[in-house]
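Some notes on the structure that comes next.
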Amino acid sequence: MHIAEGFLPPAHAIAWSVASAPFVVHGVRSLTREVREHPESTLLLGASGAFTFVLSALKLPSVTGSCSHPTGTGLGAILFRPPVMAVLGTITLLFQALLLAHGGLTTLGANVFSMAVVGPWAGYGVYRLLRRWGVPLMVTVFFGAFVADLSTYCVTSVQLALAFPDPGSGFLGALGKFGSIFAVTQIPLAVSEGLLTVIVMRLLVQSSGGELTRLGVLLTRSGERKQEAVAR
């Protein structure tokens, strides 16, 4: 998914950086507030960032000749909301660009927009919608992580198609080509990431139930009654 260093035209690289900046700035404020008001959440924040770093650092060869990888952003978005995940994702992408040659500095804004902005918001939106409908927690976690992963690659396909339209069929033709390349391996990867995120969430429920209740992931009895009323 990470667009390589220097791959995008300068105008596109700048535009995506400008588009990502407000989300990151807002995320810094949200993260600062979270740490200041709830310092006990620092460990869980670090674990969310590490989960994203490890999964998104994996480079898995695709049958189409490209590389794909999980993103790991769904977990942090569900726990701490998408603004915080924008910061954790940006830090992850920056370290990967500097230390692993995965992505790049010139394409950082584009990669942040797809993986740290759109992915978390899309995944969190699906998670919240399913929760509102009364769907069991682990099912909502699965679909939240699945959508966060897959939507990232959809946005990357759009970014590449805008930068490199097909000579004959233009943007739509290029979008179809890039999308099909990613979809071959990304859909099963998104399913795998969803299942892995469910496993991690089950472990967190057992070890950090109080913190998950404070974050609103686990509902109190009154919260469950309210959700049931909304579902009806």
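Start at 1 with the first residue, then count along the sequence.
Using a 4.5 Å cut-off between side-chain heavy atoms of Ile, Leu, Val, Met, Phe, Trp and Tyr, with links allowed through other members, L99 and L88 fall into the same hydrophobic cluster. The cluster map of Ile, Leu, Val, Met, Phe, Trp and Tyr, joined by side-chain heavy atoms under 4.5 Å apart, puts L43 and V54 in different clusters. Both I187 and L58 are assigned to one and the same hydrophobic cluster, defined by single-linkage of ILVMFWY side chains at heavy-atom distances under 4.5 Å. Placement of V135 and L195 within a single hydrophobic cluster is found when ILVMFWY residues are connected by side-chain heavy-atom separations under 4.5 Å, directly or transitively. Note on F143: it clusters hydrophobically with W133, by side-chain heavy-atom contacts below 4.5 Å among ILVMFWY residues.
Nearest heavy-atom pair, G76 versus M85, reported as atom, atom and distance to 0.1 Å: CA-SD, 3.5 Å. A pairwise comparison of heavy atoms in G194 and A145 identifies CA-CB, 3.9 Å as the closest pair. When all heavy atoms of P9 and A163 are compared, the pair lying nearest together is CD-CB, 3.8 Å. Nearest heavy-atom pair across S114 and V155 is CB-CG1, 3.7 Å. When all heavy atoms of T73 and A148 are compared, the pair lying nearest together is OG1-CB, 3.8 Å. Heavy atoms only, all atoms of each residue included: A174 and S169 are closest at N-OG, 4.4 Å.
In this structure, the separation between CD1 on I3 and CG on L8 is 4.5 Å, given to the nearest 0.5 Å. One finds the CD1 atom of I78 at 10.5 Å from the CZ atom of R128 (value rounded to the nearest 0.5 Å). To the nearest 0.5 Å, atoms OG1 (T156) and CD1 (I181) are separated by 12.5 Å. Note: H12 NE2 to T106 OG1 = 13.0 Å, rounded to the nearest 0.5 Å. Interatomic distance, N111 CG to T90 OG1, rounded to the nearest 0.5 Å: 10.0 Å.
Each of F171, F7, F178 was scored for a ring pair (Phe, Tyr, Trp, His ring centres under 6.0 Å) with F164, with one residue passing: F7. Shown are L75, L196, T140; of these, the side-chain contact (heavy atoms from CB on, under 4.5 Å) with M201 is made only by L75.
Residues V112 and F23 have side chains not in contact (no heavy-atom distance under 4.5 Å, counting atoms from C-beta outward). At a threshold of 4.5 Å between non-hydrogen side-chain atoms, the residues F142 and T197 do not count as touching. Side-chain contact between W16 and L162 is present, with at least one heavy-atom pair separated by less than 4.5 Å. In this structure, the side chains of W121 and V147 stay at 4.5 Å or more apart for every pair of heavy atoms. For the pair L204/V217, no side-chain contact is recorded, criterion being any heavy-atom separation below 4.5 Å from C-beta on. Counting only heavy atoms from C-beta outward, the side chains of V141 and R202 never approach each other to under 4.5 Å. Two residues are said to be in side-chain contact when any heavy atoms from C-beta on lie closer than 4.5 Å; L45 and L31 meet this criterion. The closest side-chain heavy-atom distance from D166 to L172 is not below 4.5 Å.
At least one donor-acceptor pair closer than 3.5 Å links the side chain of Q186 to the backbone N or O of H69. Side chain of S30 to main chain of V84: no donor-acceptor pair is present (N/O by atom type, distance under 3.5 Å, no hydrogens or angles). Here the side chain of S56 pairs a donor or acceptor atom with the backbone of T52 at under 3.5 angstrom. In this structure a side-chain-to-backbone donor-acceptor pair under 3.5 Å is present from E193 to T71. Side-chain atoms of E5 do not come within 3.5 Å of backbone N or O of A101 as any donor-acceptor pair.
Under the 4.5 angstrom side-chain criterion for Ile, Leu, Val, Met, Phe, Trp and Tyr, the cluster partners of I14 are V18.
No more than 12 heavy atoms of other residues, nucleotides or ligands lie within 6.0 Å of CZ in F95, so this atom counts as exposed by the packing criterion. Summarising the local packing, CG of L129 is surrounded by more than 12 heavy atoms from other residues, nucleotides or ligands at distances under 6.0 Å.
Note on residues 69-97: no pairs pass salt bridge (charged side-chain N to carboxylate O under 4.0 Å, His left out), not counting sequence neighbours.
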TODO: Could you go through the side-chain contact (heavy atoms from CB on, under 4.5 Å) check for V198 and V139 one step at a time?
DONE: CA-CA 8 Å; V198 168; V139 178; over 6 Å; no
Task: Audit row: L79, L212, side-chain contact (heavy atoms from CB on, under 4.5 Å) steps and yes/no - done: CA-CA 7 Å; L79 293 176; L212 295 188; 3.4 Å; yes
Open item on the list: Could you walk me through whether V158 and L175 satisfy the side-chain contact (heavy atoms from CB on, under 4.5 Å) test, starting with their C-alpha distance in whole Å, then the side-chain angles of each, then the deciding distance to 0.1 Å, before giving a yes or no?
Closed with: CA-CA 6 Å; V158 171; L175 180 61; 3.8 Å; yes
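Ring orientation note: the planes of H102 and H2 are close to parallel, at an angle under 30° on the 30°/60° scale.
Applying the side chain to side chain donor-acceptor pair (under 3.5 Å) criterion to E34, with sequence neighbours excluded, gives S41, R214.
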